Protein chains: 2
Amino acid sequence: METLEHTFSISEAAERTGLTAHTLRYYERTGLMLTPVDRASSTHRRFTEQDITWVSFLTKLRATSMPIARIREYVELVRDGDESTASRLELLLRHRITVVAQLAEMQRSLTAIDVKIAIYEEKVAHA
Amino acid sequence: METLEHTFSISEAAERTGLTAHTLRYYERTGLMLTPVDRASSTHRRFTEQDITWVSFLTKLRATSMPIARIREYVELVRDGDESTASRLELLLRHRITVVAQLAEMQRSLTAIDVKIAIYEEKVAHA
DNA sequence: GTTTGACTTCGAGTGCGCTCGAAGTTCTAT
DNA sequence: ATAGAACTTCGAGCGCACTCGAAGTCAAAC
């Protein structure tokens, strides 16, 4: 049995993912999609729900500063199927460490900024 | 009364701030120092404790993705002295909002990545 | 006083991730 | 059938924040 699928034009996909159509084409051409996006009865792209879900996950990787090249490696592992599960896990665990570090650094920086803010607030209050 | 000050060469300053000498020169030339760095009895820079402290704060702003141009605005306000306190406070408060948003987005992204990790761990465990 | 290594300025180059524009094609609505 | 909007590919361009190299100057150690 086949799921009845709604597909999306590139502009609809852009809207749903928060990326631009330009960026979606760039991601495809730079090898970040699991498979080339379907071209239904025309040259125009049709994004499936799975495509959208995938791109959404890509944006999580990007939002945590994973470089495009690393994402490409990850994509290639996914294409390899089940045999690459352990490698994918390792890649994501490694990445996780950097994300936690980024969060910690940003949190520390925020604290330093908050100290300045408190000083300025004090000054302004006594002006 | 004057504080007896230890000063630092550019390579010492680099070591202390975690930046490269190249970057320190770049920051100075692009207008991010409060005043030009002293050149003691030569053309060579001598960084004071205050310089180091200042650069350290700059790195907090950079670590939270404040663009160089915005930092420059902030620096100019600091140079204006006390009359700019309110403006500086406002600038930092605005920035704070973006930092909190960044933290939230990164945290959400991490959660999504953790979901994948959990799936892979499950798979690997049952292999 | 000479060597060695750190420093100087300057402008150009790099890497990343988009971002854009041109020129042409296809879909949708009338 | 046709107008207009949305899409296509392609390669070039951009913005940001460094990063580097060349060519020369200076200083600390011997």
Side-chain angles (χ1 to χ4, degrees), chain A residues 6-33 36-48 51-52 55-75 95 98 102 105-106 109, chain B residues 6-33 36-48 51-52 55-75 95 98 102 105-106 109:
Chain A
H6 188 195
T7 63
F8 304 95
S9 71
I10 195 165
S11 61
E12 289 166 335
E15 199 178 340
R16 268 166 187 74
T17 59
L19 302 174
T20 66
H22 277 303
T23 301
L24 285 171
R25 290 191 203 98
Y26 166 69
Y27 279 5
E28 183 179 357
R29 104 177 92 111
T30 203
L32 265 43
M33 299 306 289
V37 178
D38 288 350
R39 314 293 156 119
S41 76
S42 81
T43 57
H44 292 195
R45 290 171 180 78
R46 299 305 306 179
F47 289 78
T48 64
D51 288 332
I52 303 287
V55 171
S56 297
F57 185 64
L58 294 186
T59 65
K60 309 298 188 207
L61 298 179
R62 288 293 305 123
T64 51
S65 305
M66 186 184 286
I68 296 289
R70 184 86 44 79
I71 297 180
R72 194 153 34 218
E73 286 173 37
Y74 176 71
V75 172
H95 180 57
T98 74
Q102 286 177 70
E105 185 181 6
M106 197 172 297
S109 299
Chain B
H6 187 197
T7 62
F8 305 95
S9 71
I10 194 165
S11 63
E12 289 166 335
E15 199 179 340
R16 269 167 187 72
T17 59
L19 301 174
T20 67
H22 277 302
T23 301
L24 285 170
R25 290 190 202 99
Y26 165 68
Y27 279 5
E28 182 180 358
R29 107 176 90 110
T30 203
L32 263 44
M33 300 305 289
V37 177
D38 289 350
R39 315 295 157 118
S41 75
S42 80
T43 59
H44 291 197
R45 289 170 181 78
R46 298 306 305 182
F47 289 78
T48 64
D51 288 331
I52 303 286
V55 172
S56 298
F57 185 63
L58 293 186
T59 65
K60 309 299 188 205
L61 297 179
R62 287 293 305 124
T64 51
S65 306
M66 186 184 285
I68 296 288
R70 184 84 45 78
I71 297 180
R72 192 153 36 217
E73 288 174 35
Y74 177 71
V75 172
H95 181 56
T98 73
Q102 285 176 70
E105 185 180 8
M106 198 172 297
S109 299

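Order of the sequence lines sets the chain letters (A, B, ...), proteins ahead of strands, with each chain counted from 1. All of these numbers come straight from a predicted model, not from anything done at the bench.
An OP1 or OP2 oxygen of C/dG17 is reached within less than 4.0 angstrom by no side-chain nitrogen or oxygen of A/Y27. For C/dG17, one of the phosphate oxygens OP1 or OP2 lies less than 4.0 angstrom from a side-chain nitrogen or oxygen of A/R62.
Here the C1' atom of nucleotide D/dC20 and the CG atom of B/L24 are 16 Å apart, to the nearest Å. The distance between atom CZ of A/R45 and atom C1' of D/dT8, rounded to the nearest whole Å, is 7 Å. Nucleotide C/dC7 holds its C1' atom 16 Å from the CG atom of B/D38, rounded to whole Å. Rounded to a whole Å, the CG atom of A/L58 is 15 Å from the C1' atom of C/dC18. Taking atom CZ on B/R39 and atom C1' on C/dC7, their separation rounds to 11 Å, with Å as the unit.
Looking at every heavy atom in both residues, A/E12 comes nearest to A/T7 through OE1-O, 4.1 Å. In plain terms, the two heavy atoms of B/A14 and B/A21 that are nearest each other are CB-N, 3.8 Å. Minimum heavy-atom separation, A/M33 to A/E28: CG-CA, 3.8 Å. In plain terms, the two heavy atoms of B/H95 and B/L61 that are nearest each other are NE2-O, 4.2 Å. Listed here is the closest heavy atom pair of A/G31 and A/R72: O-CG, 4.0 Å. The shortest heavy-atom contact between A/F47 and A/V37 is CE2-CG2, 3.9 Å.
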**Asked** Quick one: what's the B/S/- string for nucleotides 19-30 of chain C, heavy-atom cutoff under 4.0 Å, read 5' to 3'?
**Response** BBB----SS---
**Message:** Would B/R45 and B/S9 count as a side-chain contact (heavy atoms from CB on, under 4.5 Å) here? Give the steps.
**Reply:** CA-CA 6 Å; B/R45 289 170 181 78; B/S9 71; over 6 Å; no
**Asked** B/L19 and B/V55: side-chain contact (heavy atoms from CB on, under 4.5 Å), yes or no, with the steps?
**Response** CA-CA 9 Å; B/L19 301 174; B/V55 172; 3.6 Å; yes
**Item:** side-chain contact (heavy atoms from CB on, under 4.5 Å) assessment of A/I68 paired with A/T30
**Value:** CA-CA 9 Å; A/I68 296 289; A/T30 203; 4.2 Å; yes
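Scanning residues 64-72 of chain A for heavy-atom distances under 4.0 Å to DNA chain D yields an empty list. Listed by residue number, the members of residues 8-16 of chain A with any heavy atom below 4.0 angstrom from DNA chain C form an empty set.
One N or O on the side chain of B/S42 and one on the backbone of B/A40 form a donor-acceptor pair closer than 3.5 Å. B/T17 places a side-chain N or O within 3.5 Å of a backbone atom of B/A13 that can act as its donor or acceptor partner.
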